[in-house]
There are 2 protein chains.
Amino acid sequence: MPKPLHFFFDFASTYSYVAALRIEAECARAAVPLVFRPFVLGALFSEQLGISDSPFNVHPVRGRYMWRDLERLCARYRLPWKRPSAFPRHSVAAARLACAAEGEPWQGELVRAFFRANFAADREIAEEPVLTALLAELGQAAAPLLARATAPEVRARLRANTDEARALGVFGAPNFVVEGELFFGQDRLADALEWAGR
Amino acid sequence: MPKPLHFFFDFASTYSYVAALRIEAECARAAVPLVFRPFVLGALFSEQLGISDSPFNVHPVRGRYMWRDLERLCARYRLPWKRPSAFPRHSVAAARLACAAEGEPWQGELVRAFFRANFAADREIAEEPVLTALLAELGQAAAPLLARATAPEVRARLRANTDEARALGVFGAPNFVVEGELFFGQDRLADALEWAGR
């Protein structure tokens, strides 16, 4: 019986995009239950590195590599890709919506739609009109979900995800966690799936 | 006709160990010519990050993950592993010897022996008696090779590798480079081999 795989991601994170677009299909293929765990990566960067920006901006050599690598990875996995005109985008509103969609059969679709908006369509996912339009495109009534997304229990859920990420030793994104075992980086999805099936 | 794969590594780097022990067999299987390119990673850390230590020591959260991950990776690939009592070890002397062995059919063996000494046997590869013993274990006369390793052209070769790494946008290790295309991280070896065969 495969163990569930917890996918810790941030909508601002480029490598999370690659993982997010592939993960539901890969988990289904391996018969591994998937749990979406949006968290606030910026909080960890701020605590651990004392920065309020992406390390890819703070360290331009790493940034240069990442942008080229993303292009290459998206070509490899046949994912749409457009380098966003703003990076990193504020992702807390989108993350709260993903938390508010927990338990819904369309949660995975919402996650992929928000990621594609940021990294394939260059849309400003920090802005409520954009999020409203994206929910409409998914066939969901935006108003009740937007209201739910700022309810105390949903805010608390996102905080709890970030707290758990911190406790697990997370320092970047994406991460795959199986029974407390942390795998960091989109290129480790296969390892995490193998771990889940052991 | 596959293009050559240039393997940029540092004997002090844990993830380089995992790559180094696998790379010759993987390249042979893919019929990709392999070129060993030892370089001085510490010089790039110093320039780019202003640190004179490993980022895994400077950022303990990353370090904790790396040590656990190495254990896991070595189990996965059935590589011997013993967490070294000193990290990172000074690797310039070992790197010069690897440069001095360029063109020798036993260069790959030397590279693996030095890496195993550091990460499986916890031997101090910065010390000449250890290097001498390792060369003897390889069946090589140590004295002429140690002399060659400090010759100006060998020092220059190591400097040239580091300069090329810098120019390629390297910021860590290991790296796989195919026709100027940089792949960073041991988990990207398969991607680099695929690129070499395109």
Side-chain angles (χ1 to χ4, degrees), chain A residues 8 15 18-19 41 43-51 55-77 165-195 197-198, chain B residues 8 15 18-19 41 43-51 55-77 165-195 197-198:
Chain A
F8 282 80
Y15 284 108
V18 177
L41 178 57
L44 302 191
F45 284 155
S46 159
E47 294 163 17
Q48 293 169 12
L49 307 175
I51 60 175
F56 292 123
N57 289 338
V58 173
H59 302 295
V61 181
R62 284 183 174 256
R64 238 181 342 263
Y65 175 76
M66 181 275 288
W67 292 116
R68 171 64 185 139
D69 199 28
L70 254 286
E71 217 171 67
R72 236 166 26 189
L73 287 167
C74 288
R76 178 191 176 88
Y77 295 121
R166 184 188 298 107
L168 284 161
V170 162
F171 52 87
N175 305 276
F176 316 108
V177 178
V178 178
E179 288 193 320
E181 197 70 33
L182 173 66
F183 295 86
F184 165 66
Q186 65 80 27
D187 28 27
R188 303 301 293 283
L189 176 55
D191 288 7
L193 289 170
E194 201 179 294
W195 199 274
R198 287 179 6 147
Chain B
F8 283 79
Y15 284 108
V18 178
L41 178 57
L44 302 190
F45 284 156
S46 158
E47 293 163 18
Q48 294 170 11
L49 307 173
I51 59 176
F56 292 124
N57 291 337
V58 173
H59 301 296
V61 179
R62 285 183 174 255
R64 241 182 339 263
Y65 175 78
M66 179 276 287
W67 292 117
R68 170 64 185 141
D69 200 28
L70 254 285
E71 218 170 66
R72 237 166 26 191
L73 287 167
C74 290
R76 179 193 176 87
Y77 294 120
R166 183 189 297 107
L168 283 161
V170 162
F171 53 87
N175 305 276
F176 316 109
V177 178
V178 178
E179 287 193 319
E181 196 71 32
L182 172 67
F183 295 87
F184 165 67
Q186 65 79 28
D187 29 27
R188 303 301 292 284
L189 176 55
D191 288 7
L193 288 171
E194 201 178 294
W195 199 274
R198 289 179 3 150

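It should be emphasised that the depicted structure is a prediction, and the values quoted were computed from it without experimental measurement. The sequence lines fix the lettering, A, B, ..., with proteins before strands; numbering per chain opens at 1.
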Check the orientation of F184(A) and F171(A). Use parallel for under 30°, tilted for 30 to 60°, and perpendicular for over 60°.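 Plane angle between 30° and 60°, so tilted.
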Choice from R64(B), H59(B), R68(B) maximising heavy atom contacts with chain A below 4.5 Å: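 When all of R64(B), H59(B), R68(B) are compared, R68(B) has the most.
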Only pairs of heavy atoms separated by less than 4.5 Å count here; which of V61(B), V58(B), L44(B) has the most with chain A?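 The residue among V61(B), V58(B), L44(B) with the greatest pair count is V61(B).
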Answer yes or no: is there a side-chain heavy-atom contact under 4.5 Å between L70(A) and Y15(A)?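 A side-chain contact exists here, since the closest heavy-atom pair is under 4.5 Å.
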Side chains of V177(A) and L168(A): does their closest heavy-atom pair fall under 4.5 Å? yes
Which portion of [X] sits near chain A, non-hydrogen atoms under 4.5 angstrom:
X       : answer
R62(B)  : both
L73(B)  : side chain
V170(B) : backbone

Most chain B-contacting option - heavy-atom pairs closer than 4.5 Å, from E181(A), R72(A), E194(A):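 It is R72(A).
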Less than 4.0 angstrom from a charged side-chain N to a carboxylate O is my criterion; do R188(A) and D69(B) meet it?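 Answer for the salt bridge query: yes.
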Which atom names give the shortest non-hydrogen contact between Q186(A) and P174(A), and what distance separates them? N-CG, 3.7 Å
